[in-house]
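Here the structure is laid out as structure tokens; the discussion comes afterwards.
What you see below is based on every heavy atom in this structure, not just the backbone, and it leaves out hydrogens, waters and symmetry mates. We name chains A, B, ... by the order of the sequence lines, and we start the count at 1 in each one.
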Amino acid sequence: MATVTINLPDGSKKVFSKPATVAEVAAAIGKRLAADAVAGKVDGKLVDTFFKIERDASLEIITKQSKESAEILRHSSAHLMAQAVARLFGPVKLWVGPPLLEGRYGFYYDMDLDHRIVPEDFPKIEAEMMKIAAENLSPERFELPVDEAVQLAEKIGQPYKVELIKGFGVSTVSFYKQGEFTDLCEGPHLPRTGFVGGVKIMNVTGAYLHGDQSQKMLQRVYGCAFFSQKELDAHLAKWADAEKRDHRRLGTELDLFFFDPIAPGHPFFLPKGAFLFNGLISYMRRHYEREGYQEVVTPQVFLSQLWKQSGHYDHYKDNMYFCKVGDDEFGVKPMNCPSHALIFKSRHRSYRELPLRLADFGMLHRLELSGVVGGLTRVRRLTQDDAHIFCAPEQIEDEIANLIRLGRKVYKTFGMPLRAELSTRPPQSLGSDELWTRAEGALQAVLQHTGEPFQVKKGEGAFYGPKIDFHAKDALDREWQLFTIQLDFNLAERFDLEYASQKGSRERPVVIHRAILGSIERFLGVLIEHTGGDFPLWLAPIQVRVLAVTDKQNEYAERIEKELRILGIRVDRDTSSEKIGAKIRKATLEKIRYMAIVGEEEAKAKPEVVALRDRKNLDKTDSEWVSPKELAKRILEEIPA
RNA sequence: GCUGGCGUAGCUCAACGGCAGAGCAGCUGUUUUGUAAACAGCAGGUUGUGAGUUCGAAUCUCACCGCCAGCUCCA
């Protein structure tokens, strides 16, 4: 038998006289590695530690520390949970149980069982899972041809697995068996159940089979698992912290906004929330001035005829608000594009005007399903930082490049990294092959040119054009889809938009829909959670609070407040009859950045000063004396251009 | 829209078939305070809405509305 040469990631090689398992290779490298190995990656494919490498290959040992180990741990934990549930509550019919790599849950398993799982069951399930972990079972893998696999699944009472097997369209499938529990699975799995060191069952909800509400509802049990209890505790602490940053909670605590059942999905912005809302719009406007956008203001309500022409009446009617006045039916706008098409069409357009960039902060109404509205992230009344760029096909590339540059600049200001996804032509689409090829090529070329990695989502584009979606990562590593660029070959067609080319011929423009923050409401919700309510100074509704130590300084405090306000600072004051400690506590809870404390000493000083307390610098015990002018200067210097 | 859970004072929660209560916030008074909570008093409610069961309902039943967790959707 020929030897087997294993290439390791560090460039070294191990030669074996006969096929070796991943575990054997790990053992040959070192004891520690062998103990820590949870899986292997053979020629880029994840396999179990007992996988036998038959021929020359590259191998990476996946340990507890490897990025890939989380997926394996979580997947194995889903099996562990199913086994525990089967032990506790009798026969369980299983559907699917995938690992989840983002968010607070680590995995779920969809199951069908007679017992209805309630939160009181969670500790029991956790205990049973840890019992199985303590049994330290080693999963065995075996493969069966489809017909035998179906027989086995039927024998072990797993009708949903029969359906899965038949749906795969392959000739053989694999199973894993640990103790009394056998499950259809591709793997890989942890070498032993003992690798699971800490588990938490977190939630149980209903989930329809095939996501179809006419079908049976299964119980979806969510949990998370770690190699150690310590990591589990850290994870739970992190998400407990996330709850404190929930924008709905901070919205109430910081007096930013509220909701009333009288208008579900329609936020009421309080003065401070409205300040943030308008601040974000002003921030985008400042960019627009430099980027050659022209802002327009457009109607709210249109005769349904417009929506018939735009196609919304056929495709989006269920999400629109309509009203009847006399014999006429009107629809409230859910999008700005038709208005902008009408503006383009309002007179003859020349190639000299292109690219024509029309920005619009108009308010949009979308009748979202009652089950999906929630907080600021999904509202029924929204304002996008919307714009439509009408351009010639050969201008697409430049426009997209500019947009990406602008978008990156904006997100850098907020400290959120971006990740791009390019969605290409779906099976059902509108527009010529030539146009699609050209547009997709342009988008791809621009993305490549920026040099940053991007994923291609094949066939996920809109029917009217390809798009680039950006995912922004917040301070808790959660991703949000906010910034989007969509090409549209349909709008110009439907509204018969044309411009006169240099040669005098009539040409169709291409339309680019784009929103950088997305919707202001949603972005604000995300920003509240990203910052925990501690907004960047340039956007904070209150930048300074003047605190009087005693009533005797109230007048002085008022004078300082006025002076700061004249210097362009957003300032208020606390001249209540509380002790200074209480005022500081109040300002701290309101997350006000600068506290300008004025007592007897400050009031006596010439020229006038305040004792400054900076929340960014809380360790500093002795507060520093600064003049109002100096304070204002510092604040204004901190504001980005 | 579907499934499940939950709606008590502005906020956080208690009372769980028998007189609706506390803390914080608010108001009034006292206190004049030096770096994260001074003290006292007052006020605050048709217990989401509407029916029903009961001698009696915040509590049990039903319907509706809203919120939350998911599913689905997200031109």
Side-chain angles (χ1 to χ4, degrees), chain A residues 104-105 108 110 116-119 202-222 243 246 248-249 251-255 258-265 307 310-320 333-338 364 366-375 377-380 382 461-465 467 469 481 484 486 488 490-491 513 518-519 522 547-554 575-590 595-603 611-615 618 620-623:
Chain A
R104 64 185 186 279
Y105 302 135
Y108 68 79
D110 281 349
R116 205 167 71 80
I117 295 176
V118 293
M202 302 167 83
N203 201 359
V204 57
T205 64
Y208 299 102
L209 187 59
H210 304 130
D212 178 348
Q213 66 190 47
S214 69
Q215 299 220 38
K216 179 152 193 174
M217 181 163 273
L218 307 174
Q219 301 190 59
R220 174 169 293 182
V221 185
Y222 288 88
E243 254 169 58
D246 187 311
R248 291 165 295 196
R249 178 183 173 138
T252 306
E253 285 177 5
L254 301 177
D255 287 323
F258 68 89
F259 287 91
D260 189 293
I262 206 70
W307 307 114
S310 70
H312 288 85
Y313 209 83
D314 290 331
H315 299 285
Y316 203 62
K317 191 169 189 259
D318 292 344
N319 284 292
M320 288 176 64
K333 68 176 168 189
M335 292 176 205
N336 290 312
C337 16
L364 308 175
R366 297 182 184 177
L367 190 54
E368 302 285 359
L369 290 177
S370 60
V372 307
V373 299
T377 46
R378 195 80 180 261
V379 289
R380 286 184 171 151
L382 62 145
F463 75 89
Y464 51 74
K467 61 176 180 176
D469 286 326
Q481 205 274 289
T484 178
Q486 306 188 356
D488 188 338
N490 179 44
L491 189 70
H513 306 250
S519 95
R522 175 179 252 254
L547 311 181
V549 175
T550 76
D551 287 356
K552 293 196 188 77
Q553 289 84 44
N554 282 358
T575 44
S576 63
S577 66
E578 293 287 345
K579 291 182 20 174
I580 189 66
K583 296 185 193 182
I584 288 170
R585 177 181 152 81
K586 198 156 178 273
T588 305
L589 292 176
E590 289 178 44
M595 292 173 226
I597 298 169
V598 296
E600 202 176 346
E601 293 170 49
E602 288 79 20
L612 189 64
R613 185 183 163 105
D614 182 352
R615 283 190 49 251
L618 276 177
K620 233 173 115 182
T621 45
D622 50 334
S623 43

May I ask you to verify if any side-chain N or O of A:R220 is less than 4.0 angstrom from the OP1 or OP2 atom of B:rU72? no
Where does the angle between the aromatic ring planes of A:H513 and A:Y464 fall among parallel (under 30°), tilted (30 to 60°) and perpendicular (over 60°)? tilted
What about A:Q213, does its side chain sit under 3.5 Å from the base of B:rG1 through a donor-acceptor pair? yes
Separation of B:rC11 P from A:E590 CD (nearest whole Å): 17 Å
Which part of the nucleic acid does A:G599 contact within heavy-atom distance under 4.0 Å: base, sugar-phosphate only, or nothing? base
If you write RNA chain B from 5' to 3' in dot-bracket form, with Watson-Crick or G-U pairs under 3.5 Å, [ ] for crossing pairs and | for pairs with another strand, what do you get? (((((((..((((....[..)))).(((((.......))))).....(((((..]....))))))))))))....
Look at the side-chain N and O atoms of A:R248 and state whether any lies under 4.0 Å from the OP1 or OP2 oxygen of B:rC68. yes
Scan A:Y108 against the nucleic acid and name what it touches under 4.0 Å (heavy atoms): base, sugar-phosphate only, or nothing. nothing
Roughly how far apart, to the nearest Å, are B:rG23 and B:rC62 at atom P? 36 Å
Which residues pass the salt bridge (charged side-chain N to carboxylate O under 4.0 Å, His left out) test with A:E253, not counting sequence neighbours? A:R249
Return whichever of A:G311 or A:G206 has its heavy-atom-nearest nucleotide of RNA chain B closer to the 5' end. A:G206
Nearest-Å distance once atom P is located in both B:rC67 and B:rC60: 23 Å
Can you tell me the distance, in whole Å, between the CD atom of A:Q219 and the P atom of B:rG4? 11 Å
Separation of B:rC13 atom C1' from A:R249 atom CZ, nearest Å, is 13 Å
Report each atom pair, protein N/O against N/O of nucleotides 42-44 of chain B, whose distance is under 3.5 angstrom.
none

Side chain to side chain contact (heavy atoms under 4.5 Å, CB included) between A:R615 and A:T588: does it pass, once the steps are laid out? CA-CA 8 Å; A:R615 283 190 49 251; A:T588 305; 4.1 Å; yes
Atom CG of A:L547 and atom C1' of B:rA37 are separated, to the nearest Å, by 15 Å
A:E578 has an atom CD; how far is it from atom P of B:rG26, in whole Å? 8 Å
Phosphate OP1/OP2 of B:rA69: any A:Y105 side-chain N/O under 4.0 Å: no
Side chain A:E602 and base B:rG34 donor-acceptor under 3.5 Å: yes
Check every strand shown and say whether A:I580 touches a base, only sugar-phosphate, or nothing at a heavy-atom separation below 4.0 Å. sugar-phosphate
With rounding to the closest Å, how many angstrom separate the P atoms on B:rC16 and B:rC55? 23 Å
RNA chain B nearest-nucleotide lookup for A:T205 and A:R378: closer to the 5′ end is A:T205
For a quick check of understanding: with a heavy-atom distance under 4.0 Å over all strands, which category does A:A611 fall into, base, sugar-phosphate or nothing? base
